[in-house]
Amino acid sequence: MNIVFHTLEGSISRALSDYLQAQFQLDMPVATEQPKQSDFGELALPVAFQLARQLKKAPKAIAEQLAAGLAGKIDGVAALEVANGYLNVRFDRGYYANQILTGNDQDTQEFSTRKTIVEHTNINPNKAAHIGHLRNAILGDTFVRMMKAMGTRVEVQNYIDNTGVQVADVVAAFHFLEKKTADEVRALTLQPRFDYLCWDLYAKISQLEDGKVWRGETIHEIEAGHGPLSEMGHIVADAIVECHLNTMLRLGVQYDVLPRESEILHLQFWASCFEQLKERKAIYLETEGKNSGCWVMPGSAFRENAGEEDSKVIVRSNGTVTYVGKDIAYQLWKFGLLGKDFYYRKLRTYADGHPCFVSQASPDGATPADFGNGVAVFNVIDSRQSYLQDVVAAGLRALGYNDQAARSIHFSYEMVALTPRTCVDLGIELSEEDKARPYVEVSGRKGLGVKADDLIDQLIARARVEVDSRHESKPEASRHLVAHQIAICALRYFMLKFTRTTVIAFDLQEALSFEGETGPYVQYAAVRAQNILRKTAERGLPLPNFKAVCNAGTFAAAFANEDLWQLLLDISRLDSILAAAVENGEPAALAKYAYQLAQGFSRFYHDFRVLDEPDEDRRNVLLWMTQYFATQLERTLSTLGIAVPEYM
RNA sequence: GCGCCUGUAGCUCAGAUGGAUAGAGCAUUUGCCUUCGAAGCAAAGGGUCGGGGGUUCGAGUCCCUCCGGGCGCACCA
């Protein structure tokens with residue numbers, strides 16, 4: 001990895017610190033920032049502002065004194081300038097580029113032995129995935145890729161609630177409404193879009209009054225774990241999980257392990273958790289009021305100024321545990337604090353050889369595996385569940401696990417809604433009030449909304465039209481692959497370019513457009529860079545050995561050009577951008593960076609004709625830039641889960 | 001009522017740790033294909049950063065307050 005910028009920044013900061021220590025006996029860290037405008041140099045130090053009061057001198061005078069004192073004394077720094085009280089640093093461009101070229105490219109990061117857990121996707125296994133689930137999975141998957149790129153060990157979990165009411169509803173629909181037997185349902189699971197069939201069935205039963213009665217009967221049997229309805233529950237859930245895994249695989253999303261609710265029940269995870277909670281007096285048996293007979297967690301555990309009415313029921317008066325209770329047990333397991341574990345079997349092996357495991361209740365036929373036991377846990381769950389996530393963290397705190405509670409991170413994000421015109425495109429009827437809104441939330445329950453696979457299919461079809469119009473002569477399979485890569489890129493980028501707190505108003509036309517700030521624009525820049533490199537070879541000019549033909553001198557000459565220099569700086573910034581994006585938990589920052597990089601290269605591509613450059617030294621530098629750009633952008637895109645097509 | 005999030009260009013959004021002239025895309029208008037393919041590039045117009053106070057050398061960013069949106073606050077998951 002390249003950390004030239006970071007290294008230089010550090011040595012400049014240190015040089016300033018040392019100087020302040022020597023001259024003024026001041027012991028303080030020196031902050032650096034990126035100047036607002038590029039003509040102020042590469043680094044700006046506002047240090048004089050901080051010192052103004054202490055030294056009782058004007059910032060300008062202090063900055064000038066520092067500039068004079070340090071001039072020519074820092075490696076890699078060409079000039080120190082004072083402007084508006086700032087101390088601005090200009091890098092030695094030849095030195096900087098040469099450091100990148102000769103720098104040690106090998107990955108110096110050590111893989112941490114400590115493991116971070118990311119839980120995402122978590123779709124109820126009762127019907128096809130919809131567009132909201134895509135945001136969850138893409139966000140989670142990208143964050144995983146980002147942490148891995150930083151050298152962190154990550155385990156990806158996808159929790160399967162295979163015994164909940166949602167599955168029960170579909171089972172009830174099959175049994176009571178459709179009068180199907182377990183074997184008949186099993187036969188249905190073999191048809192291509194079983195998840196679509198369940199989607200419609202679920203919508204149907206949700207609107208029936210009888211549904212609630214049937215659901216009650218069904219869920220009772222499912223929770224007991226035996227009987228024909230329970231069997232049908234497993235058939236449905238297992239089949240839908242396969243559908244979801246396949247849908248997600250189209251996006252390049254993979255999992256390490258699927259812990260299931262049925263095992264949490266059968267292995268009695270809750271019982272262990274319940275004992276701990278009672279023992280530590282984290283919960284108590286309420287004897288009066290509306291919660292009489294329930295075990296509750298006092299509101300004061302998770303909320304300031306909480307009153308009696310803020311208490312959260314953990315165990316119902318009938319003795320059954322609530323969702324939050326189970327979630328606390330599950331969270332304890334993730335940290336290795338429960339004292340129990342699942343058994344596992346391999347569910348599938350991905351094309352790259354990576355296995356995906358699923359939990360099972362008995363040791364029979366189990367494969368030894370080491371899951372859970374993380375030092376930090378990221379739960380990718382939409383922002384509406386922040387209250388429940390707070391209660392889970394409070395549960396850990398109440399048990400004395402303060403550290404783990406602090407490392408239980410709710411990686412929240414806002415929902416995906418639809419724009420009114422997209423609702424119209426999809427045939428969803430809107431009230432006049434809704435039509436005036438910027439976006440409309442469509443409930444999956446009504447059977448409306450956008451299915452993930454339909455959206456992906458539409459994106460591929462759209463991309464395919466463009467590919468066909470440009471590359472008639474390419475073989476069918478190749479065009480399909482490229483269209484697929486472009487479609488996934490468009491989708492992933494669209495889901496990632498917004499920050500997590502933004503409600504995405506999904507618009508079909510906008511997502512299907514490949515112009516402007518979109519994934520395909522970024523991809524196109526990467527493809528163009530590859531084209532230059534490939535054409536070089538085709539013209540019989542093999543790529544030079546840059547270390548032999550480029551040096552600080554040739555670099556200094558070429559990078560006297562301001563645009564070239566700014567692009568080089570941007571390209572070299574990847575690692576600091578990535579580090580900040582991981583630190584802030586914001587994949588959008590990396591997506592924005594990819595776009596800026598692509599923009600810079602598109603300008604470069606237009607302004608400089610690399611292969612036609614007559615001056616050999618300059619052509620070598622341009623070629624090196626092209627290669628450096630291609631490498632860095634591909635790293636960025638692969639971290640975003642985006643492939644670079646062979647052509648576009 | 002309480003809690004969390006949010007208000008930036010006509011529209012959709014970026015603006016980490018307070019910093020120099022607030023940035024992109026879309027839309028609008030206007031130029032650029034003699035193939036490293038225009039899914040591109042260049043240019044123009046468009047802003048009281050919701051209102052008002054405060055903190056300080058300095059506020060889109062921090063604090064208070066008001067106004068406007070969104071989402072939560074179940075013995076549902």
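Proteins come first, then strands; the chains are lettered A, B, ... in the order of their sequence lines, and each starts at number 1.
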**Study point:** Any A:Asn124 side-chain nitrogen or oxygen under 4.0 Å from OP1 or OP2 of B:A77
**Key:** no
Practice item. Quickly work out the A:Arg534 CZ to B:C36 P distance and round it to whole Å. Key: 13 Å
**Study point:** A:Tyr387 vs B:G72: side-chain N/O to OP1/OP2 distance below 4.0 Å
**Key:** no
Point to revise | Positive for side-chain hydrogen bond (donor to acceptor under 3.5 Å, both in side chains) with A:Asn531, one of A:Arg528, A:Arg534, A:Lys535 | key: A:Arg534
Exercise for review: Return yes if the base of B:A20 and the side-chain atoms of A:Asn88 contain a donor-acceptor N/O pair under 3.5 Å, otherwise no.
Suggested key: yes
Exercise for review: Please check if any side-chain donor atom of A:Ser292 sits under 3.5 Å from a side-chain acceptor atom of A:Glu286, or the reverse.
Suggested key: no
Check your understanding: For the base of B:A16, is there a side-chain donor-acceptor partner from A:Asn584 under 3.5 Å away?
Key -> no
Check your understanding: Ring stacking, A:Tyr595 with base of B:A24, under 5.5 Å and under 30°?
Key -> no
Exercise for review: Would you please confirm or rule out a distance under 4.0 Å between OP1 or OP2 of B:G25 and any side-chain N or O of A:Gln599?
Suggested key: yes
Could you write out each protein N or O paired with an N or O of nucleotides 6-13 of chain B at a distance under 3.5 Å?
{"unit_1": "B:C13", "atom_1": "OP1", "unit_2": "A:Val503", "atom_2": "O", "d": "3.2"}

Review point. Between A:Asn291 and B:C75, does any side-chain N or O lie under 4.0 Å from OP1 or OP2?
Key: yes
**Study point:** Contact nearer the 5' end of RNA chain B, comparing A:Arg603 with A:Asn84
**Key:** A:Asn84
Point to revise | Gap between atoms OH and P, on A:Tyr413 and B:C4 respectively (whole Å) | key: 22 Å
Check your understanding: Considering only side-chain heavy atoms of A:Tyr605, which listed nucleotide, B:C41, B:A20, B:C36, is closest?
Key -> B:C36
Practice item. Tell me yes or no: between the side chains of A:Asn158 and A:Thr121, is some donor less than 3.5 Å from an acceptor? Key: no
Revision key, fill the gap. Using Watson-Crick geometry (N1-N3 plus N6-O4 or O6-N4) or G-U wobble (N1-O2, O6-N3), each under 3.5 Å, B:C4 is paired with B:G70
Review point. Within the structure, does a side-chain N or O atom of A:Tyr521 lie under 4.0 Å from either OP1 or OP2 of B:C41?
Key: yes
**Study point:** d(CD, A:Gln34; P, B:A16) in whole Å
**Key:** 11 Å
Practice item. Mind calculating the distance between CD1 (A:Ile160) and P (B:A77) to the nearest angstrom? Key: 18 Å
Exercise for review: Determine whether any donor atom in the side chain of A:Arg470 lies under 3.5 Å from an acceptor atom in the base of B:A39, or the reverse, and answer yes or no.
Suggested key: yes
Practice item. Ignoring backbone atoms, establish whether A:Arg528 has a side-chain N or O less than 4.0 Å from OP1 or OP2 of B:G37. Key: no
Review point. Would you say A:Arg609 reaches B:C36's phosphate, i.e. side-chain N/O to OP1/OP2 under 4.0 Å?
Key: yes
Review point. With both distances under 3.5 angstrom, what nucleotide forms a Watson-Crick or G-U wobble pair with B:G23?
Key: B:C13
